[in-house]
Amino acid sequence: MRALRVVGLHEDGKSIVCEDPASRTRFLLPADERLRAAARGDITRLGQIEIESESQMRPREIQARIRAGESVEQVASSAGVTVQRVERFAYPVLLERSRTAELAQRAHPVREDGPDVQTLGEVVAHSFGQRGHDYSQATWDSWRGDDGKWVVVLSWKAGRSDNRAHWSFSPGAHGGTVQALDENAEVLLNPNAYRAPRTVRALDPGREAVVQPTLDSAPDEPVAKVIDAPITEPEEDVEPPLPADEPEEVAESAPRAKGKRSHPIVPSWEDVLLGVRSQRG
């Protein structure tokens with residue numbers, strides 16, 4: 001790189017005349033805003049001028065989009081410039097978003113009877129503890145909506161699902177207030193709505209589940225039971241005649257004494273066929 005020396009101002013008053021000391025070759029350098037920023041050592045202004053020349057998106061627009069919730073990568077892709085150039089203007093806005101998210105955690109959730117005594121951060125930390133989530137892994141962020149109000153968002157991961165909860169933040173005295181904007185935010189503000197899931201125990205595939213009987217599910221198994229079903233009659237050639245002067249009697253089961261677990265007396269097969277009571281026993 002060859003070094004040039006400044007000769008003076010051009011006659012048009014808009015360019016600087018430079019000369020190569022070795023070859024005596026002269027050059028014209030436009031005396032524009034970029035040259036003035038370089039002479040002052042203003043690196044930020046030089047980057048801003050570079051973005052304005054390469055993209056139609058002005059730095060103020062870049063900051064507005066960052067403040068509205070877009071990431072540096074999204075703005076860089078839309079502007080058609082590198083991420084490093086957008087970061088120069090996004091950095092102060094990202095600090096503003098981070099600071100607002102911290103303030104929102106100290107705000108008080110609005111209940112039906114007024115603002116809660118506890119802060120948003122305290123209520124959410126308690127809800128995370130009830131659910132067994134790691135509150136230290138959750139991240140807070142904020143952005144300004146189209147209506148000019150700040151929206152604070154909490155992001156966390158439970159298992160394989162990514163979750164988000166949004167609140168509207170209104171700065172004010174004693175930390176300000178927040179109001180839930182979606183169902184996740186409402187659930188986190190109401191710890192009583194959480195119910196611990198039941199524990200499910202996996203069974204061995206090669207082993208059947210053993211069902212323990214209860215008082216309601218125990219089967220009825222009496223000690224002894226007299227079968228009252230009709231008895232099949234024998235064939236005609238082997239049926240003995242019944243006495244004419246004796247009435248036919250039906251075998252009855254002996255009544256069971258209360259408080260005793262004795263077996264009932266069951267008539268023999270011959271007594272049933274003859275229609276008489278057994279005299280045995």
Side-chain angles (χ1 to χ4, degrees), residues 57 59-79 83 86-202:
M57 188 178 298
R60 181 174 297 180
E61 184 180 355
I62 293 176
Q63 292 183 341
R65 296 181 64 168
I66 294 293
R67 188 176 288 107
E70 293 190 37
S71 64
V72 175
E73 292 76 13
Q74 290 174 335
V75 176
S77 177
S78 300
V83 174
V86 177
E87 285 178 344
R88 300 173 185 175
F89 309 100
Y91 181 73
V93 181
L94 292 175
L95 289 179
E96 181 184 11
R97 288 172 52 177
S98 177
R99 178 59 178 168
T100 304
E102 293 180 1
L103 295 175
Q105 297 177 54
R106 304 173 190 173
H108 301 272
V110 176
R111 307 287 188 180
E112 295 181 356
D113 54 350
D116 197 335
V117 177
Q118 293 182 318
T119 63
L120 174 63
E122 293 172 345
V123 175
V124 172
H126 178 67
S127 297
F128 267 60
Q130 284 188 324
R131 291 161 174 77
H133 300 329
D134 189 358
Y135 182 63
S136 62
Q137 300 299 322
T139 57
W140 291 88
D141 194 6
S142 66
W143 62 78
R144 180 174 291 177
D146 297 335
D147 55 357
K149 296 183 179 179
W150 283 97
V151 177
V152 60
V153 55
L154 175 65
S155 303
W156 75 97
K157 191 169 185 178
R160 297 183 179 180
S161 61
D162 296 325
N163 304 279
R164 286 189 174 188
H166 301 81
W167 293 270
S168 175
F169 172 48
S170 299
H174 307 289
T177 58
V178 290
Q179 291 183 338
L181 296 178
D182 52 31
E183 184 177 359
N184 285 339
E186 293 177 354
V187 172
L188 289 176
L189 293 182
N190 186 12
N192 296 328
Y194 174 73
R195 294 183 180 181
R198 296 181 178 180
T199 303
V200 179
R201 183 177 59 183

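Positions are given from 1 along the sequence.
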Start with the C-alpha gap between Trp150 and Arg97, add the side-chain angles, then the distance that decides, and say whether side-chain contact (heavy atoms from CB on, under 4.5 Å) holds. CA-CA 9 Å; Trp150 283 97; Arg97 288 172 52 177; 4.2 Å; yes
Begin from the C-alpha positions of Phe128 and Leu154 and carry the test side-chain contact (heavy atoms from CB on, under 4.5 Å) through to its verdict. CA-CA 12 Å; Phe128 267 60; Leu154 175 65; 3.9 Å; yes
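Rounding to the nearest 0.5 Å places CD of Gln137 at 11.5 Å from NZ of Lys157. Atom-to-atom distance recorded for Leu120:CG and Gln179:CD is 12.0 Å, nearest 0.5 angstrom. Atom CD of Glu96 sits about 12.0 Å away from atom CD1 of Ile66, to the nearest 0.5 Å. Note: Trp167 CH2 to Glu186 CD = 10.5 Å, rounded to the nearest 0.5 Å. With rounding to the nearest 0.5 Å, the separation of OG in Ser78 from CZ in Arg65 is 4.0 Å. Here the CG atom belonging to Asp116 is positioned 12.0 Å from the OG1 atom belonging to Thr177, to the nearest 0.5 angstrom.
Of the possible polar contacts, one joining the His108 side chain to the His174 backbone as a donor-acceptor pair under 3.5 Å is found.
Of all heavy-atom pairs spanning Ala158 and His133, the tightest one is CB-CE1, 3.8 Å. Scanning all heavy atoms of the two residues, the minimum distance from Ala104 to Val178 falls at O-CG1, 4.0 Å. Heavy-atom minimum distance, Asp134 versus Ser136: OD1-OG, 2.6 Å. Minimum heavy-atom separation, Phe169 to Gly175: CE1-O, 3.7 Å. Closest of all the heavy-atom pairs between Val123 and Arg111 is CG1-NH2, 4.1 Å. When all heavy atoms of Thr100 and Ser142 are compared, the closest pair comes out as CB-OG, 3.4 Å.
Annotation: salt bridge (Lys or Arg N to Asp or Glu O under 4.0 Å) contacts of Arg99 (sequence neighbours excluded): Glu102. Looking at residues two or more places apart in sequence or on another chain, you find a side-chain contact (heavy atoms from CB on, under 4.5 Å) between Asp182 and Ala165, His166, Asn184, Ala185. Not counting sequence neighbours, the partners of Tyr135 by the side chain to side chain donor-acceptor pair (under 3.5 Å) test are Trp140.
Gln63 pairs in a side chain to side chain contact (heavy atoms under 4.5 Å, CB included) with only one of the listed residues (Val75, Val93, Val86), which is Val93.
Here the side chains of Gln130 and His126 are in contact, with some heavy-atom distance below 4.5 Å.
Residue Glu73 places its CD atom among more than 12 non-hydrogen atoms of other residues, nucleotides or ligands, all under 6.0 Å distant.
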